[in-house]
Each structure stands twice: as C-alpha cells, then as structure tokens.
Amino acid sequence: MSSISNQGEAIVSIAEIPRRRQRNLQLGRSLKTAVLYTVLILGSFISCFPFFWMVLTSFKTYAEAISIPPTVFPSDWGARLQVLWQMLWRYPWTVLAFALWILLGRAISRRIEDRLIASLYLVLHASFFFVLGNLSLWGRWRLISLWQAAMTRAGTELKPFLANYIEAWGRAPFAVYFKNSLIISVLTPSLIILTSAPAAYAFARMRFPAKGVLFILYLATMMVPSEVNLIPNFITISELGWKNTYLALIIPYSTSVMTIFFLRQFFRSVPNDLYDAAVIDGCGHLRFLTSIAMPLARPALVSTAMFNFLGSWNALLWPLLVTDKETMRPIALGLATFATEAGMQVQLYMAAATFTILPIIILFLFVQKQFIEGIARTGIK
Amino acid sequence: MQGKATISPISHEAPPLLKRAWREALLAYLFIIPSFIIIVTFGLYPVFRAGYISLHKWSIVKGPFVGLENYRRLLHDPDFWKALQVTVFYVIASVPLTMMISLFIAYLLFKPIRYRALFRTLYFLPYVTSLVPAAMVWQWIFNYQAGILNYVAGGICRGLAKILQKVGTVPGVYIWILLSIAWLAYLLLSTSRRTPLMTGLLAAIAGVLLVLALAFWQSPTLLERVIHELETFFPVRWLQEPRGIILYLGKRWGFTPPKWLQGPSMALVAVSIVSIWHFAGYDIVIYLAGLFNVPNDLYEAARIDGASEGQIFWKITFPLLSPTTFFLLIISTIGAFRAFTMFYVMTMGGPLKTTTSVTFLIYDRFYNAGRWGYASAIAFVLFGIILTMTLINQRLVGRHVFYQ
C-alpha cells in the first residue's frame with residue numbers, strides 16, 4: 001500500500017486506490033485545507049486587528065475607551081442602529097438613497113481589478129452611508145432633521161456620531177498638515193521622475209566621456225545611509241535660508257539614485273532595433289526618450305512614483321529637523337506631535353490616526369495590484 | 001529614400017562622426033545635470049562635510065579642530081555601546097523572525113488557494129499604512145492598564161490556569177498521561193505519509209505534555225507555582241518595562257542572569273513585535289514573487305520521484321529561494337539598523353534608554369543636545385557598521401546562494 005502512495009498523485013489516479021484509503025486521503029486533504037485557511041485567516045486577522053481596534057476606539061467616549069474590561073463596540077452603536085432603523089422605516093426614500101449610494105459605490109469599485117478587494121471597498125463605501133446618516137455636522141441637510149425626528153421617535157438623544165473626529169480635527173491644524181503632505185508627496189515623485197528618467201536614459205543608451213566614473217559616483221551615494229548626511233544637509237538648508245519652506249522638504253529628496261538605477265535597467269532592456277527604427281525616422285535621443293522610451297516604461301514609472309509618494313508621505317525624521325513652524329509640518333509629523341499633546345485622550349488620537357490612515361488605505365485599494373506587483377518585480381523599498 | 005537612409009541615418013547634413021559624438025555627449029550631460037546637482041549637493045558633498053564636522057568640536061556653532069577626539073570619546077561612551085547593543089538586539093529580534101513568518105505565510109499563499117489576492121492585500125496593508133499612526137495604535141494596544149493585549153493575553157493565561165487546576169490534580173492527570181502516551185504511540189505506529197519534521201514536531205509536543213504531566217503528578221508544588229505564574233504574569237508593562245526579557249522571566253523563578261545575558265528590554269520586544277507586523281507584508285510579497293519564479297517542472301519531477309512535501313520544500317524550494325532570502329536579509333538588516341520612527345513615536349528612546357537605537361542616539365545628540373560634531377561621528381560609525389555588514393553578508397551568505 002505504501003508503495004502505491006509513494007508513487008504520488010501524478011501516476012496513480014484516485015480511482016485505483018482502495019475505497020477506505022481513498023476516503024482517508026480525501027479527509028486528510030480537506031483537513032489540510034481547513035488548517036490552511038484557518039492559519040491564513042488568523043494571520044490576516046492579526047495583521048488587520050490594529051485597524052479595527054483603532055476605528056472602534058475612535059468612536060468611544062474616553063470612559064469607555066479606558067474601561068476594564070474593554071468594550072469591543074462603542075456602547076451607543078446599538079441605539080444608533082435603532083434610530084437608523086426608525087429613520088429608514090419612517091422615510092422610505094432614504095432606502096432609495098442608500099441604494100443609489102451603493103450603485104455609486106459599485107461604479108467606483110469597478111475600477112478595482114480584483115473582485116474581492118472591490119467588494120472590500122464596497123463595504124467601506126456602504127459604511128460611509130451609515131456615517132453620513134449619523135451625521136449632525138451639516139445642519140442644513142434635510143437628512144439631519146430626519147435624523148432628529150427619528151431620534152425623538154426612538155426616545156434617545158445621541159451625541160454627534162463623529163464627535164471625536166470633529167474634536168480631534170479642531171485641536172490641531174490637520175487641514176494644513178494634509179495640504180503640506182499632499183504638496184510634498186506629489187511634487188517629490190514628479191521631480192524624481194523628471195530628474196531621474198533622463199539621467200537613467202543617458203546612462204543606459206548614450207555614449208559620453210566619464211560615464212563609468214559618474215555612474216560609480218551615483219552608486220556610491222546609494223551606499224551612504226541618510227543619517228550621515230542629516231547634519232550637513234541641515235546646515236546647508238539653514239545656510240540657504242530654506243528652513244520652514246517646502247524647498248527644504250522637497251529638494252534634497254528630489255532625485256533618487258535607486259530610481260535612476262532601476263530605470264536604467266529598464267531602458268537597457270528596450271530593444272536596439274526600436275531605437276534604430278526611430279533614428280531612421282529622424283528621431284533623436286530626446287524624442288526617443290519622450291515619445292518611445294518613457295511610454296514604454298510607464299508601469300515602471302508608475303510603481304516608482306507610488307513608492308516615492310508613500311516614502312515622502314511617511315517621512316518623519318527630516319521634516320522634524322527642518323520645520324519648527326506648525327504650519328509647515330506634514331501629516332506624519334503633525335500627528336506625532338498631536339499625540340504627545342493629546343496625552344491620555346486616546347479616543348481623540350485614534351480618531352486622528354484613522355483619518356490619517358484612511359485616505360492612504362483607500363488609495364491603496366485602487367492601486368494595490370500595480371503596487372504589489374511593482375514591488376515584487378523590483379524589490380524597491 | 002530608403003536607400004539613402006541606410007547609408008547615413010541622419011540624412012540631411014550628415015555631420016562628421018566626431019561632431020555627432022560631441023553632440024551626443026553634450027545632450028547626455030544635459031540629461032544628467034539636474035540629478036547630478038542634487039546628488040552632489042545633498043548626497044556626496046555632505047559626506048565629506050560630515051567627516052569635516054566630526055573632526056571638530058561643534059556644538060551648534062563650529063568649534064576648534066579636535067582631530068579624532070570625537071571618535072575616541074565615542075569608544076568610551078556607555079550610551080553609544082548601549083545604543084549599539086539595543087540596535088543589535090532589535091535586528092536579531094525582528095529580522096529573522098519577520099523573514100521566517102513571511103516565508104511561512106508566502107508558502108501557504110503559494111498553494112492553490114482561493115482569494116489569494118485578497119489575503120495578499122490584507123497582509124500587505126500594514127506595510128502601506130504610515131508608521132506614525134500605526135505605532136500610535138500599537139502603543140495603545142500595549143498600554144499597561146487599559147491595553148487590549150494585556151487583557152486578552154491575561155484572560156487566556158487565566159483560562160489555562162483554570163484548566164490546569166482541573167486537569168493537573170490526580171484524577172485528571174492520569175487521563176492526561178494516558179492521552180499523551182496514546183498520541184506518541186499513534187505517531188510512532190501510524191503508517192501515514194508524514195514528513196519526518198512534522199512527526200518530530202508533533203512527537204515533541206506530545207513529549208513535553210507527557211513530561212509536564214509526570215512532573216505535575218510528582219510535585220503538586222510545581223503545579224501550584226505554574227498556576228500562580230499563569231495567573232499573575234499579565235499585565236506586563238510593555239513599553240515602560242526597562243528590564244531585559246530574560247531577567248524579567250528569570251526573576252519570577254528566582255534566577256538572576258548576569259548582566260550580559262539579560263536580553264532586550266520588554267519595551268524593545270514590544271517595538272520588535274510592531275516591526276514584525278509592519279514589515280512582514282513586504283517580505284511576503286517578495287517571497288511570493290520568488291516562489292512563483294521557481295520553475296514548475298522541478299516540482300513535477302520531484303513529485304514523480306516520490307519526494308514528500310517537506311523534501312520538496314527543503315531540497316528544491318528553499319535553495320532556489322536563497323537569492324530572495326539573501327536580498328531580504330540585507331535590505332531588512334540595513335533597514336532595522338536605521339529604524340527611527342517607531343522608537344520616536346512609541347518610546348522616545350526610553351525607558352532607561354533601553355530603546356535608544358543608534359539612529360535615535362544620533363537624533364538625540366544632534367537635535368536635543370546640540371552636539372553636532374559628536375553626532376556626526378556616531379553617524380560615521382553607523383555608516384561603517386552598515387557597510388561592513390553588507391560586505392560580510394555578501395561574503396558569508398553569498399557563497400551559499402544558488403542562482404539558477
């Protein structure tokens with residue numbers, strides 16, 4: 001019997017194995033599958049748990065947040081659901097609104113390639129309706145008065161659903177932080193591509209004196225950790241008078257040897273025949289770069305751009321050094337200082353953390369395939 | 001017209017060869033110059049300037065030239081050695097574990113399963129979220145009084161203690177002993193096709209259970225002690241606990257390890273856990289790409305030859321993944337040596353400087369103490385360490401890497 005099983009599935013078809021053995025095999029296989037999925041689900045639960053916990057804590061009151069034993073869901077959610085139910089029941093057109101909202105969500109989530117991740121987005125999208133339905137932020141909205149009516153019907157008075165968020169948003173200039181981060185992390189990758197792509201092209205396809213020396217010089221700077229350059233760059237920035245300006249936050253990182261190196265590899269892989277054909281058509285290096293090589297490199301460019309976007313969105317140490325004005329801080333730094341100021345008000349800084357993370361997560365859901373495959377292909381970090 | 005074009009590519013004037021080369025070089029320099037200016041000003045020149053600074057006494061304003069005094073002082077600075085130790089602990093605690101967990105998960109995801117993309121995305125999510133909010137959330141999870149971790153882990157341990165109380169005493173312990181013997185016997189006698197590693201692992205678990213049962217049967221005081229331990233171990237002051245983990249565990253059993261054996265502080269362990277959580281997604285994606293690159297016919301050939309799954313993994317997959325492992329090892333080690341954000345947000349280098357990594361020390365000396373010359377010297381030493389580590393890695397590990 002063992003000699004049969006040792007030959008493996010490739011030769012022995014399952015029908016030839018005695019029935020009892022067959023049942024055992026199938027049982028073993030489905031048991032294995034069950035264990036496999038259990039481990040995977042458990043693992044992804046652990047990796048997502050901090051996000052759940054963050055969102056749940058951000059809706060609690062302070063007393064609830066620090067209570068022992070901890071409560072999982074904010075205690076007023078039950079009452080809220082009741083009121084929401086009242087509202088939907090009393091005013092059926094809100095159901096229609098919900099349906100429209102879901103349809104909108106479906107239209108948006110079509111842009112996500114993977115179906116399951118699209119439905120993940122749809123869940124997020126649907127929960128936003130719940131948030132909106134609970135809102136008493138904009139009193140002019142008709143929805144709010146419905147909400148008020150429903151509340152009186154249900155006989156409860158509830159604080160605004162996003163109270164913690166509103167309070168956290170008001171405690172520090174988060175709008176300014178977001179604006180700064182957006183400016184920095186859009187301009188930095190654009191500049192990186194503007195400066196790196198031509199350089200990479202020159203290293204890949206052009207002949208000029210001192211090419212080897214220059215390239216080694218570039219590579220050498222890649223070996224130096226940025227901690228070494230921290231202090232001199234800080235002095236340079238002060239000498240230039242750039243402290244507390246966008247220039248200080250953008251220019252030192254506006255080119256990336258890593259990107260040059262990576263794009264050079266890519267441009268080298270563009271077949272020579274293509275270039276020859278372009279030259280015959282009267283096309284110089286510049287034209288070839290802008291109208292053939294760059295469009296061909298689009299996936300590579302997109303993934304490096306996304307990476308550099310993320311890198312500058314998350315940067316902490318450099319902005320910490322070169323900005324001391326609150327109005328120049330990017331979001332990561334602003335949030336870090338907010339957390340120290342908010343002290344023990346945990347529900348507030350969880351709310352702040354949520355609205356910092358959320359845009360990035362939603363953005364990621366839309367580009368996740370390109371993003372992950374970009375990493376898998378290049379290994380850039 | 002076609003005939004003309006094949007003779008000279010640039011048809012109208014056909015400038016002499018030298019001039020064309022010249023023009024090409026000029027254009028190339030034009031292409032390079034923007035990045036060159038930035039790289040020289042913010043990447044190359046600073047290295048020399050940092051060297052220059054590190055040779056001076058430089059407290060915010062430039063002081064006198066002191067030669068290698070900063071480096072000499074650094075060698076006698078206990079804070080520096082402590083920071084180096086912390087960094088090494090951090091690397092050891094986070095890098096290998098992250099890679100092992102990631103390889104395991106990637107291996108599971110590589111199997112023909114459904115929802116692979118969804119799982120991959122979920123595992124990758126921590127890596128995309130920026131570290132500042134993530135570290136804040138973890139800080140809250142690790143909180144001593146109201147943190148969920150202490151609550152849940154404490155609950156599990158107390159539950160175990162309750163079970164032990166029931167099972168550990170006389171009627172229960174017999175059943176326990178019999179069950180573990182039966183398990184061992186089944187493992188040894190069954191003919192199912194299991195890998196030796198798996199059998200060994202299961203047998204080891206059964207053996208430990210058996211030994212524990214016998215020990216509890218023999219000495220009720222040990223049982224009491226273990227139950228007490230399980231009941232009182234949590235809450236742990238994760239991020240406020242400066243004692244080393246071995247000291248922390250040993251003290252409870254009346255064992256005080258010597259200073260060199262105390263291990264990383266509980267705070268550093270907590271930070272390492274967060275680091276594993278954050279970087280696992282990245283490693284998984286890289287490993288998954290590596291797994292898909294292993295040619296399928298190798299697996300088929302091995303299967304036809306009757307290799308078990310464990311054999312296939314250790315003899316084919318793992319060796320062929322070694323370039324990936326090697327790449328990850330270098331990248332993660334360098335990354336861990338330079339880690340800053342988590343320490344800044346979660347611990348600020350405390351408690352008792354047990355989470356002051358080298359990078360954090362540089363920041364502290366530079367930003368808080370204003371000792372720029374000294375901070376530059378530390379930065380240079382860090383640079384040297386990273387460089388030698390890369391070289392050693394390449395020498396040692398590079399030899400055993402299989403490239404196809």
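Letters A, B, ... are given to chains in the order of the sequence lines, protein chains preceding strands, and every chain is numbered from 1.
Shown here for A/Pro252 and B/Ile38, the closest heavy-atom pair between the two residues is O-CG2, 4.3 Å. The shortest heavy-atom contact between B/Phe31 and A/Ala202 is CB-CB, 4.0 Å. Contact between A/Ile372 and B/Phe124 at its shortest, heavy atoms only, is CG1-CD2, 3.9 Å. The minimum heavy-atom distance between A/Pro225 and B/Phe383, with the atom names listed, is CD-CD1, 3.2 Å. The two residues A/Asn314 and B/Ser130 have their closest heavy-atom pair at OD1-CB, 2.5 Å. Closest approach of B/Gly43 to A/Asn229, counting heavy atoms only: O-ND2, 3.5 Å.
Only the side chain of A/Leu310 comes within contact range of chain B, with heavy atoms under 4.5 Å apart. Only the side chain of B/Tyr367 comes within less than 4.5 Å of a heavy atom in chain A; its backbone stays farther off. Both the backbone and the side chain of A/Ile41 come within contact range of chain B, judged by heavy atoms closer than 4.5 Å. Only the side chain of A/Thr57 has a heavy atom closer than 4.5 Å to any heavy atom of chain B. In this structure, no portion of A/Ser196 lies under 4.5 Å from any heavy atom of chain B. For A/Val346, the part lying under 4.5 angstrom from a heavy atom of chain B is the side chain only. Of the two parts of A/Met350, only the side chain, counted from C-beta on, holds a non-hydrogen atom closer than 4.5 Å to a non-hydrogen atom of chain B. Within the 4.5 angstrom heavy-atom criterion, no atom of A/Ile331 approaches chain B. Contacts between B/Leu108 and chain A at a heavy-atom distance below 4.5 Å involve backbone atoms as well as side-chain atoms. B/Thr41 touches chain A through its backbone: at least one of N, CA, C or O sits under 4.5 Å from a heavy atom, while the side chain does not. Contacts of A/Phe371 with chain B are made by side-chain atoms alone, with heavy-atom separations under 4.5 Å and no backbone atom involved. Of the two parts of A/Leu214, only the side chain, counted from C-beta on, holds a non-hydrogen atom closer than 4.5 Å to a non-hydrogen atom of chain B. For chain B, the nearby part of A/Gln368 is the side chain; its heavy atoms alone come within less than 4.5 Å. Heavy atoms closer than 4.5 Å to chain A are found in both the backbone and the side chain of B/Ile113. B/Trp372 touches chain A through backbone and side chain together, each having a heavy atom under 4.5 Å away. For B/Leu44, the parts sitting under 4.5 Å from any heavy atom of chain A are the backbone and the side chain alike. Both the backbone and the side chain of B/Leu125 come within less than 4.5 Å of a heavy atom of chain A. Proximity to chain B is absent for every atom of A/Leu191, based on heavy atoms less than 4.5 angstrom apart. For B/Phe292, no part sits under 4.5 Å from any heavy atom of chain A, backbone or side chain. Heavy atoms of B/Phe340 lying under 4.5 Å from chain A belong exclusively to its side chain.
To the nearest 0.5 Å, atoms CZ (B/Arg120) and CD (A/Glu373) are separated by 5.5 Å. Atoms CH2 and CD1, on A/Trp53 and B/Ile148 in that order, are 3.5 Å from each other to the nearest 0.5 Å. A distance of 8.5 Å separates CD1 in A/Ile231 from CD1 in B/Ile378, rounded to the nearest 0.5 Å. We find the OG-CD1 distance between A/Ser47 and B/Ile276 to be 13.5 Å, quoted to the nearest 0.5 Å. A distance of 12.0 Å separates CZ of B/Arg114 from OG1 of A/Thr33, quoted to the nearest 0.5 Å. Interatomic distance, CG of B/Leu122 versus CZ of A/Phe51, reported as 10.0 Å (0.5 Å rounding).
Of the possible polar contacts, one joining the B/Glu24 side chain to the A/Arg207 backbone as a donor-acceptor pair under 3.5 Å is found. Looking only at distances, a side-chain donor or acceptor of B/Tyr123 sits under 3.5 Å from a matching main-chain atom of A/Leu40.
Ranking B/Tyr52, B/Phe337, B/Tyr344, B/Phe380 against chain A, the residue ahead of the rest is B/Tyr344, based on heavy-atom pairs under 4.5 Å. In terms of non-hydrogen atom pairs under 4.5 Å with chain A, the most contact-rich of B/Ile141, B/Ile362, B/Val345 is B/Ile141. Most heavy-atom pairs under 4.5 Å with chain A: of the set B/Asn143, B/Ile105, B/Ile101, B/Thr121, this distinction falls to B/Thr121. In terms of non-hydrogen atom pairs under 4.5 Å with chain A, the most contact-rich of B/Gln139, B/Gln145, B/Arg338 is B/Arg338. By number of non-hydrogen pairs under 4.5 angstrom with chain A, the leading residue of B/Trp138, B/Tyr363, B/Tyr29, B/Tyr45 is B/Tyr29. In terms of non-hydrogen atom pairs under 4.5 Å with chain A, the most contact-rich of B/Val285, B/Leu328, B/Val128 is B/Val128.
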Inset, instruction - Let me see the working for B/Phe360 and A/Leu317 under side-chain contact (heavy atoms from CB on, under 4.5 Å), right down to the final yes or no. - result: CA-CA 10 Å; B/Phe360 195 87; A/Leu317 183 51; over 6 Å; no
Legend entry - Criterion side-chain contact (heavy atoms from CB on, under 4.5 Å) on A/Glu227 and B/Val358, from CA distance to verdict: CA-CA 10 Å; A/Glu227 285 72 24; B/Val358 176; over 6 Å; no
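With contacts defined as side-chain heavy-atom distances shorter than 4.5 Å, the pair B/Thr129/A/Phe364 does not qualify. Considering only heavy atoms from C-beta on, B/Leu131 stays 4.5 Å or farther from A/Leu316 through its side chain. Annotation: side chain of A/Phe52 is not in contact with side chain of B/Val137 (no heavy-atom distance under 4.5 Å).
Around atom CZ of B/Phe36, no more than 12 heavy atoms belonging to other residues, nucleotides or ligands sit under 6.0 Å away. Crowding of A/Lys211 atom NZ: a count of heavy atoms from other residues, nucleotides or ligands under 6.0 Å exceeding 12.
Qualifying side chain to side chain donor-acceptor pair (under 3.5 Å) partners for A/Glu64, counting only residues two or more places apart in sequence or in other chains: A/Thr61, A/Ser75.
In this pair, A/Tyr37 and B/Phe119 present their aromatic rings tilted. The plane angle is within the 30 to 60° band.
Side-chain N/O atoms of A/Tyr218 and B/Ser35 include a donor and acceptor closer than 3.5 Å.
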